[in-house]
Each structure stands twice: as structure tokens, then as C-alpha cells.
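Structure record follows, encoded as C-alpha cells.
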Amino acid sequence: MPELPEVETIVLALRAGLGRARILDAIVHRSDIIRSGTRDLPGRLIGRRIVSVEREGKRIKLMLTPDGQCIFHLGMSGRLTLERPRAPLLSHTHIQIRFASRVGELRFRDPRRFGGVWFFDGGPRGAAAGLASLGPDALTIRAPVLRGICRRGRGIKALLLDQQVVSGLGNIYTDESLFDARIHPLRRASELADGQVGRLAGSIRKILRRSIDSGGATLRDYRKADGSEGAFQRICRVYGREGQACLRCGSPVRRILVAGRSTHVCAVCQPLEA
DNA sequence: CGCATTTCCTGGAGGC
DNA sequence: TGCCTCCAGGAAATGC
């Protein structure tokens, strides 16, 4: 499932691969994957040029000229890949975008369709009207900002998963960050000591950076923009390790349910009581 | 307000 | 081999 590091990996590849390509054509195979702005996506895209490719939380933004944005969210199973135009079309490919230069063809594929595409004319104000606002980016979150966030109370994991509070974290990286910072996912955020919150901010940045450096985590569906797999799953320390020995203390990793998500925790290293 | 639950959706895994 | 059920979860909506 694509979270910040997976999305960042894709953005880096698209930025390098697409350059400032001009859009020649767009083909929409499933129009309900377009979540806002317009039904006529090709009409709005054709002739425009890509200015840059940006990441905002887990969103991928193609910034266009004249002023416009095409935003992709990969949901659970979405893939955004740059392929040879003649490569066979895989099932559940919802959108193809072709370019005037020979940069390849951009394809959006999403079997489960939790993802989607948004299009806006004009500047950022248009985007704000159709998509929820996002909290500060997790990749650069600093202790003072996280302390302010934690004052809201709530369980720390539920708080970190809320994109309007902090953007970019999903189930894997919250579990990994909380394990690294030795904080139980159910701890009340408002009851964490300043030192713990500071450590958590550092853990979040470190874990995300480390994953980006290994090309993201391929657990089920995620693939890099060239279709290959990331490697971070091999360095996960709690996620998906239910029943196995904690890599720090040896006691078994437990799986519990938090905020409706399966959550991996070492009850010894991450005590629930302060 | 918080928080749990439900909804959307499909492929893959496991049981029989 | 084949059929069935269950499960994964990002984000929004709903209910308490």
C-alpha cells in the first residue's frame, strides 16, 4: 500500500522521466476514477505541458501550464507507471496519458479503485476546494510541531494516521515509527513526555528516509514507476512480524486492532503504561 | 469533540 | 482442481 516513501519514490522517477513533456493525448477507460473537477479529462489535459511533479502527503501532483493540476491518489492498489507506449495494457488500467516527446506513456492502474484522479484549473485554491486539507508533511516533521499536534489528545496511532493532522503516514510507517520510538500505539498523545514526542519525530523522519532510500516497501501491490519492487519490507522491524521475536528484546510481536487497522507492537519495548 | 464501525473494491491466501 | 470465505486497508461517512 503506497504511503509517503512509495509515493516519493514514484514522484522522483516521474520527475526525472517526464521532464517538461507536453501532453499529446489522454485516454480514460473508467470515468468514475475521475473524482472531481471535470468529466472531460482529455479535453483539459491535451496540449498542456508538465511544469513539475510534486508530492503532497500521499498525493502525486502533475503541475501543468497553463495553470492546472492533475492529482493522483494511489489508494490501496494504485500504480502510476511510465511505460513503453507499445507495452501490453494490463487489466484495470484506467487512464493512459501520452506525450509529444519520447518519454513513454503514463499509465494509472488500480484494481481496487480506492485511488482516484482529480483535476483542477488554476492555482492551489482550486485544489483546496475539492480535496481535504493536509497536515504538515511527515518527512520533515519536527518535534515542536509534533508536540503541538499531540496536545489534541487521542491515541497516538489514530492521530498519526489522520492525514489532516500529519500527512504521508499509513499503517506500515506508523507501526515502524512507534516501534522505533518505543511508544505504544494506544498511548494518549497528550500524555506523552516531551522527550518521547521529540524521539518520535526523529523516528518518523528516519524511518521514512530509510525507506525512500530503499525504493519503498513492496508488500502487496505497490510497484515503483518502472514496475519494479521496492526493498523496505525487508527491513521492517515490526510490521507483518506477528508472533516472531521482537528484534530488540526477543519477546513475541503482538498484533492488535487500533483505529480499525491491524497494528504490530512489542508490548515489552512499547509499554502502554508510562 | 473522539472513536468505533461501515462502506467502497479486488486479488490472493487458506480451508475443505 | 475448484469453490468458498476471509482479509488487506486509505479515506470518507455514519452512529454513538
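The basis for the numbers below is simple: all heavy atoms, side chains too, and nothing from hydrogens, waters or symmetry mates. Protein chains get the first letters and strands the later ones, always in sequence-line order, with residue 1 at the start of each.
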Below 4.0 Å: OP1/OP2 of dA8(C) and any side-chain N or O of Tyr239(A): no

So does Arg59(A) get a side-chain nitrogen or oxygen closer than 4.0 Å to the phosphate oxygens (OP1/OP2) of dG10(C)? no

Residue Pro111(A), side-chain atoms from C-beta onward, closest of dG10(C), dG9(C), dG11(B): dG11(B)

When you check the phosphate oxygens OP1 and OP2 of dG11(B), does a side-chain N or O of His92(A) lie under 4.0 Å from one of them? yes

Closest listed nucleotide, where the reference is the side chain of Arg154(A) and the choices are dA11(C), dC3(B), dG9(C): dC3(B)

Nearest-nucleotide pick for Arg113(A), side chain only, options being dG10(C), dT10(B), dA12(C): dT10(B)

Contacts of Gly260(A) and Arg152(A) projected onto DNA chain B by closest heavy atom; the upstream (5') one is Arg152(A)

As an exercise, state the distance from CD of Gln163(A) to NE2 of His73(A), rounded to the nearest 0.5 Å. 6.5 Å

Give me each pair satisfying side-chain hydrogen bond (donor to acceptor under 3.5 Å, both in side chains) with a member in residues 134-143 of chain A, each pair once, sequence neighbours excluded. Arg55(A)-Asp137(A)

Candidate nucleotides dG10(C), dA12(C), dC3(B), ranked by approach to the side chain of Arg188(A) - the nearest: dC3(B)

Under the ring pair (Phe, Tyr, Trp, His ring centres under 6.0 Å) rule, collect the residues that match up with Phe179(A), sequence neighbours excluded. none

Does the side chain of His73(A) get closer than 4.0 angstrom to OP1 or OP2 of dA11(C) through an N or O atom? yes

Rounded to the nearest 0.5 angstrom, the CG-OH distance for Leu160(A) and Tyr173(A) is 15.0 Å

Side chain of Phe114(A) only, please: which of dA11(C), dA12(C), dC8(B) is the nearest? dC8(B)

So for the helix from dG2(B)-dC16(C) to dC16(B)-dG2(C), with five pairs setting each end axis, what is the inter-axis angle to 10°? 50°

